[in-house]
Amino acid sequence: MNKNKLETGQGFIRKWEEKQLYKAEENKNNKKYILIEFPYPSGERLHVGHARSYCCLDAVARWLRMKGSNVLFPFGWDAFGLPAENYAIKTGVHPSVTTRENIDNSSKQAKDWGLSFDWSREINTTDPGYYKWTQWIFVQMFKKGLAYKAEIPVNWCPSCKINQANEEVIDGKCERCGTPVTRRNQSQWLLAITKYADRLLDGLKTVNYRSDIAAQQVNWIGRKEGAQIRFKILTQSTLREQNSNDKYLEAFTTRIDTLFGVTFVVIAPEVADTLAEMVPESRKEEVKEYIRAALNKSERERKQKKENTGVDTGLVAENPADGKKIPVWVAEYVMTDVGTGVVMGVPAHDARDLEFARTFKLPVIPVIEAGRSGELYEGEGKLVNSGRYNGMDSILARRQMTKDGLGKSSVTYHLRDWVFSRQHYWGEPIPMIECKKCGWVPVPENQLPVKLPEVEKYLPTDTGESPLAHIEEWVNTTCPNCGGPAERETDTMPNWAGSSWYFLRFCDPHNDNQLADKKKLKYWLPVDLYNGGMEHTTLHLLYSRFWHKFLFDIGVVPIPEPFDKRTSHGVILGSDNRKMSKSRGNVINPDEIVSKYGADTLRMYEMFIGPFEQTVVWSIESLEGVYRFLKRIRVLAEGTGHKSGSEEAGSKLAELAVRIGRDLEVMKFNTAVAAMMEFANWWGEHKAEMGIDEARDFIKILAPMAPFMAEELWQRLNGESDKKMFVSVHQQGWPESTVVRDFNITVTLAVQVNGKVRALMESHKADEEERVREKALQLENVRKYTEGKKCKVIFVPGKVINFVISDD
RNA sequence: GCCGGGGUGGCGAAAUGGUAGACGCAAGGGCCUUAAGAGCCCUCGGUCCAAAAGACCAUGCGAGUUCGAGUCUCGCCCCCGGCACCA
């Protein structure tokens, strides 16, 4: 065998498969469900970023199996998506063909890396047997009123010809191509995720997500408590008499306590549009012109901070607190989808309002006592200029004024309902039929799945209709309700649909009668550990929690939260410290690493590269360090001749097993690898202390991280009978049951005087303080400082002894 | 502005309040080899010192708690990620 090369281990992969070492079944205690986000099967194959998450979690899964857990570690493909569709547009090759090919290639990669997936549970979101249930869930949501169609302004990418959810628009630009999105009105399916906002928030308290992930979700949901306040619009007629047709402007505020300081009301152009007819003639033209100009701007232009613009509508509103008449303005800075699109202007206590008031010379009335007068004060304090609330603390006043009916307590969210329609081919058809008589009717469940029909042209249309709209014989159908002529929905679901419930399907992937058997769900759920990209925190992770909660509500899943622990891996940058990309030429191909250094080198380097959650930089030199380590332990293991080694070696190994276990548990993969290296260094210096028994323990500990090398060495050190049977190292138990014997292990103790280390001293772990003290005081460099002085002694066994010289 | 995470050698980084820099890389020196590759051994935060011993300095800055602080507390500075004309 070539000593400079690690085998890729095809032989082992086959044997492990034959033995079905990684198959998960529902018949044992102590289940663990370990999940990594399933990938999109792209033509680029799996990259080193995938490998990081997969290899690290694979080590956890393997370790848990050795500890006796029944581990479900499944894999699949989130295969609907744009690249396959774009490829089809270019070449005419059906996306399912491209997808199949990509899946085959990527599967081979995953197997080459030694990932211990249970392949019998492999799923694919584009499989009709799978998306049948994606559609089924949509129908259930429709039945419960959570899926609805509405004409709404959507984010439209003029290049991709696709509508996007707010979550998909990054910095005003299309997530896919970077073109600035524009707003346009289109009839879209929406999912009412906002109805679950509070529960998505509360649920976070019951799970163990990493704190930054939970915080980001809280942020995104953006719950704000405040009050809605009705400002009556005074017109010529209402000024004269009470009128049941009174018009009101409803503003949302978190600071109802500043209500007496309101000196104007500002409304968003979209809101103003609906009031245009009430505007007095003298101002009508100017106001309409302003609104028109504002509505023509893109979302991005609108949000670009610049000069204050706005126009007085000439309308007058009444402050419900004191009946004061205040002007109604319209201004671009007020967004229609934030709060109610109506802002009460309190320039004394809000920076944005103050700016506006200064620009347009509107009055400023302070109503919260601040340190100095005449300046902006946004904090809490005592109320002034506020009638009977004067002197009251602002926090108290908020409660009291709401109680007194000046406003209605109300909650707003940053979270919006989920725009669920896409005008693309390669997605799940939305299983709905529109009948002129009956309206929207879901496809009956026994007719699911609504399969994607073949099309000639994959290109979306300029009108924004899906390519499916071209296929008349598919579009035209009969109403399941009345049998009359009807049309199918031609939009498809977004990418996020199939991934919103796949973790459930893994529990029962071949079930034709339901999305998953409830007993199996009950056995496997929740996912104990779910790892994925940080970029999915506000998208996939929130969507899938929402779907799960809905399925819980209709009794399909047994628990309200799908994932117990959620973690996230950091991005791997190219060695030039920049994001890996083809155009920069800094992409590392994991397959090349595997063929040159072996899969174990890739695996252990991915673990060693840095703290798991942190962004890291790829370094080929550092990878070679791992490679050297693996070659070295092979030499060490092969050089082991005698059967049993020393007690100290045994004890060190037991300690190592505990340490590695602890590191894998808290996902400190880098220090786990370091601990293995540290042990190997010790081994190199104490070869006589390591016998075959000890070497075998070491190999077991190595097995989760480097399964190929461990198997190779295990087979070599195995007895003849085991060799014949091929008993795998991956069937062995974790060796930490060996008690760490606390016998006279020598430790180096730090001897301090007044907290400064003055000497090091050999000692035994079990040594008593008195013995250590006497010995330490003999040391010259200690005697030098302590001689003839009174000392207080602080002794930490095995660590430190500190002589603190008293002053007297 | 709000929320979250950070700041430690030439570099990636370690460190339940207890020897700061484990482990790896790079660098320097040596061995082996005809050579290359691979491997093996030694040195490796700074200052003082010929060197050793030893002393002092050192975990973004400044205080504090403690016998003892990279770690805890308070006040700053800077970097990264998320959100934001958010009412």
Can you tell me, in whole Å, how much space there is between the [atom1] of [N] and that of [M]?
N     : M     : atom1 : value
B/A38 : B/A27 : P     : 12 Å
B/G24 : B/U43 : P     : 14 Å
B/U65 : B/C44 : P     : 37 Å
B/A84 : B/C3  : C1'   : 11 Å
B/G7  : B/U73 : P     : 15 Å
B/G62 : B/C57 : P     : 14 Å
B/G60 : B/U8  : P     : 6 Å

N-O pairing of [X] and [Y] below 4.0 Å:
X      : Y      : answer
A/E712 : A/R634 : yes
A/R352 : A/E378 : no
A/E621 : A/R628 : no
A/R223 : A/E225 : yes

A/Y627 vs A/Y597 aromatic rings, parallel, tilted or perpendicular, using cut-offs 30° and 60°?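 Taking A/Y597 first and then A/Y627, their aromatic rings stand perpendicular (interplane angle over 60°).
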Please verify the inter-ring angle class for A/H414 with A/W220; under 30° counts as parallel, over 60° as perpendicular, anything in between as tilted.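 Judged by the thresholds at 30° and 60°, the geometry between A/H414 and A/W220 is perpendicular.
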Consider the side chain of [X], meaning its heavy atoms from C-beta on, and name the nucleotide among [options] that approaches it most closely.
X      : options             : value
A/T254 : B/U19, B/G54, B/A87 : B/A87
A/V338 : B/C86, B/C85, B/G18 : B/C86
A/N219 : B/A87, B/G82, B/A22 : B/G82
A/K668 : B/C23, B/A15, B/G39 : B/A15
A/E678 : B/U16, B/C23, B/C3  : B/C23

Using whole Å, what does the distance between atom P of nucleotide B/G4 and atom CD of A/E535 come to?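 Going from CD in A/E535 over to P in B/G4 covers 22 Å.
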So, does [X] get its side chain near the phosphate of [N], meaning an N or O under 4.0 Å from OP1 or OP2?
X      : N     : answer
A/Y413 : B/C83 : no
A/R352 : B/A84 : no
A/H414 : B/A84 : yes
A/N670 : B/A22 : no
A/R628 : B/C25 : yes
A/Q614 : B/A13 : yes
A/R758 : B/C56 : yes
A/K224 : B/C83 : no
A/K631 : B/G39 : yes

Counting Watson-Crick and G-U wobble pairs with both distances under 3.5 Å, what is the dot-bracket string for RNA chain B, 5' to 3', using [ ] for crossing pairs and | for pairs to another strand? (((((((..(((.....[....))).(((((.......))))).((((.....))))..(((((..]....))))))))))))....
Could you check if the base of B/G9 is syn or anti? Syn means the glycosidic torsion is within 90 degrees of 0.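 Judged by the O4'-C1' to base torsion, B/G9 sits in syn, the angle falling within 90° of 0.
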Start with the C-alpha gap between A/T258 and A/R398, add the side-chain angles, then the distance that decides, and say whether side-chain contact (heavy atoms from CB on, under 4.5 Å) holds. CA-CA 9 Å; A/T258 63; A/R398 281 207 277 279; over 6 Å; no
Answer with base, sugar-phosphate or nothing: what part of the nucleic acid does A/F629 contact at a heavy-atom distance below 4.0 Å?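 Nothing: the residue A/F629, judged by heavy atoms under 4.0 Å, touches no strand.
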Establish, for the pair A/R566 and A/Y209, whether the NZ or CZ atom is under 6.0 angstrom from the six-membered ring centre and no further than 45 degrees off its axis.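 No cation-pi geometry.
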Both A/I609 and A/D350 contact RNA chain B. Which one's nearest nucleotide lies toward the 5' end?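 It is A/I609, whose closest nucleotide lies nearer the 5' terminus.
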Closest-nucleotide mapping onto RNA chain B: is A/S211 or A/V804 further toward the 5' terminus? I mean the 5' end.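 Result of the comparison: A/S211.
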Please determine whether any donor N or O and acceptor N or O are separated by less than 3.5 Å between the side chain of A/Q752 and the base of B/G18.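 Checked by distance alone, the answer is yes.
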At less than 3.5 Å, do the side-chain atoms of A/N802 and the base atoms of B/C67 form a donor-acceptor pair?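 Answer yes: a donor N or O sits under 3.5 Å from an acceptor.
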